[in-house]
S.K.: 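Sending over a structure as structure tokens; questions will come in a sec.
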2 protein chains.
Amino acid sequence: MREPDTKSWRGVQTELLRRINEREWTPGSLVPNEIELAQEFGCARTTVNRAMRELADAGLLDRRRKAGTRVALHPISRIVLDIPIIRLEVEQRNAEWRQNLLEKTSCVPPASITSRLGLDSKTTMLHVRSLHYADNHPFLHEDRWMNIDALPGVETVDFAAISANEWLIQNAPYTTGDIAFTAMNANKDIAEILEAVEGVAIFVVDRITWNKGEPITCVRLSYAPGYRMNTKI
Amino acid sequence: MREPDTKSWRGVQTELLRRINEREWTPGSLVPNEIELAQEFGCARTTVNRAMRELADAGLLDRRRKAGTRVALHPISRIVLDIPIIRLEVEQRNAEWRQNLLEKTSCVPPASITSRLGLDSKTTMLHVRSLHYADNHPFLHEDRWMNIDALPGVETVDFAAISANEWLIQNAPYTTGDIAFTAMNANKDIAEILEAVEGVAIFVVDRITWNKGEPITCVRLSYAPGYRMNTKI
DNA sequence: TAGTGGTCTAGACCACCCT
DNA sequence: GGGTGGTCTAGACCACTAC
């Protein structure tokens, strides 16, 4: 348990964190400016700046030019979720991954899909559904629509050999996306696919991605009952 | 749509991102070192360093001393979730927030709680249950256990006036925490509290926090049916 | 307009770790 | 051993905005 050197940016950050946590600086109060803190810690202003900038990024400090730096009134906790490739997520659980391609068709999606993507309601898209297994137990159902125009060559990919999830991550960059987590009761189809009981609570992830404004893909992941998404704060 | 100046760290970062996205630099390949890039962009090495450091933090680059910088093989998408105070979450939806304190008792929690917190199984804790409303509709049920020893004065707080959620954020710093998201079928009690049908799928958040190794609180948030947790990538 | 944070520079030294 | 990234410094100029 070595205390970081006070003159390093980590050391300064640790000390600032301590003052915030122990209410030496109360929420909403003005804290000394960078120059004063640099003098106090005997380091360069740049060093203080880096320490404070990261705390501001984390939502603990509120910084404005001229107005100075204040301790945030409502420290929101910011959680970082790493969403890996499904195959890796299964393998990290020390389980054997495999998938079963259930469907691969080119057709016109329901209006709910095209409208969310901002596409013409008559656009033909590639529909791929696949069941991912962990040690031969159903792990999740991937129900995906892909924009053929934005993904050259996608129609000839063998999605039985590589999952759509993995192919896209390796071949289709995106700039923005929406993601939503929710809980749903399994309907008859999903229950049957996941070898579960109809009506059981299912953890669902909906994701849409765009590349520079061009729609790429829209996917719903339905996890097998009992799935928990864990992370550390 | 102004292009950021190439000499600024944002400009450099944008250009590096473009090279990664457009596969000019393929996954796993070695990219030029900081000095070479600084010369190419006509800026200081510090500027390149900042641009690359943030991309490495985001998981897009893999950097090691001496070995150099490589494009990450498995670009994991990293999602940042902001978890606000419940009252603010409700108010951000333009709804009126209020809560109804259902229970406040000091008692010995079930073993499942103490064991997860690492406490003696006979420790007395403060149990607070509260129903949060949005515009007079049940929004979520907060079921919380608090470590009395770690929270001086907690027994005299009026949790009908301020929610436990909000009081803790303002009064109890924490250093680490576990958080888990899952889906559960509403049992009879939860269904009744949330004015929902028994068995409906409920989005559940379990959170445990510690302060320097000392357990602080353990909470389960059960959201009303239909709740979606959204964020941008 | 003046105070504050945001950023850039050129240089330096160091820690790490591949070869 | 030596190349690379990690960090610190002192100074400078700029952008924003409260006053």
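So you know, we letter chains A, B, ... as the sequences are listed, proteins then strands, and number each from 1. Bear in mind the structure is a predicted one, so any value in this text is a computation, not a measurement.
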S.K.: Is it true that A:N136 and A:R98 share a donor-acceptor pair across their side chains at a distance under 3.5 Å?
M.R.: yes
S.K.: What I want to find out is whether A:D206 reaches A:R220 closely enough, with some N-O distance under 4.0 Å, to be called a salt bridge.
M.R.: yes
S.K.: Whole angstroms only, please: what is the CZ-P distance between A:R63 and C:dG3?
M.R.: 18 Å
S.K.: Between B:E142, B:R144, B:Q99, which is the residue that forms a side-chain hydrogen bond (donor to acceptor under 3.5 Å, both in side chains) with B:S130?
M.R.: B:Q99
S.K.: Quick one: A:E54 CD to C:dG6 C1', roughly how many Å, whole number?
M.R.: 15 Å
S.K.: Is there a donor-acceptor pair closer than 3.5 Å between any side-chain N or O of A:S29 and the backbone N or O of A:V71?
M.R.: no
S.K.: Quick one: B:R53 CZ to C:dC8 P, roughly how many Å, whole number?
M.R.: 12 Å
S.K.: Between D:dG6 atom C1' and A:R50 atom CZ, what is the distance in whole Å?
M.R.: 8 Å
S.K.: With rounding to the nearest 0.5 Å, note down the distance linking CD1 in A:I162 to CG in A:N171.
M.R.: 7.0 Å
S.K.: Go along nucleotides 11-19 of chain D 5' to 3' and tag each nucleotide: B for a protein heavy atom under 4.0 Å from its base, S when only backbone or sugar atoms are that close, - otherwise.
M.R.: -B--BBBB-
S.K.: Counting just side-chain N and O atoms, does A:T47 come under 4.0 Å of either OP1 or OP2 of D:dT9?
M.R.: yes
S.K.: Using a strict threshold of under 4.0 Å (side-chain N to carboxylate O), is an ion pair present between B:E34 and B:R63?
M.R.: yes
S.K.: Which residues, if any, of residues 27-35 of chain B bring a heavy atom under 4.0 Å of DNA chain D?
M.R.: B:N33, B:E34
S.K.: Check this for me: does any side-chain nitrogen of one of A:D178 and B:K232 sit under 4.0 Å from a carboxylate oxygen of the other?
M.R.: yes
S.K.: Please report, rounded to the nearest Å, how far the P atom of D:dG5 is from the CE atom of B:M52.
M.R.: 7 Å
S.K.: If the cut-off is 4.0 Å, is A:T69 near the phosphate of C:dT4, judged by side-chain N/O to OP1 or OP2?
M.R.: no
S.K.: Is the B:Y223 ring parallel, tilted or perpendicular to the B:F139 ring (thresholds 30°, 60°)?
M.R.: perpendicular
S.K.: How close or far is atom C1' of C:dG5 from atom CD of A:E36, stated in whole angstroms?
M.R.: 13 Å
S.K.: Atom CD of A:Q39 to atom C1' of D:dT9: distance rounded to whole Å?
M.R.: 15 Å
S.K.: What is the minimum heavy-atom distance between A:V48 and A:C43, and which atoms define it?
M.R.: CG2-SG, 3.7 Å
S.K.: In whole angstrom, give the distance that lies between atom CG of B:N49 and atom C1' of C:dA10.
M.R.: 14 Å
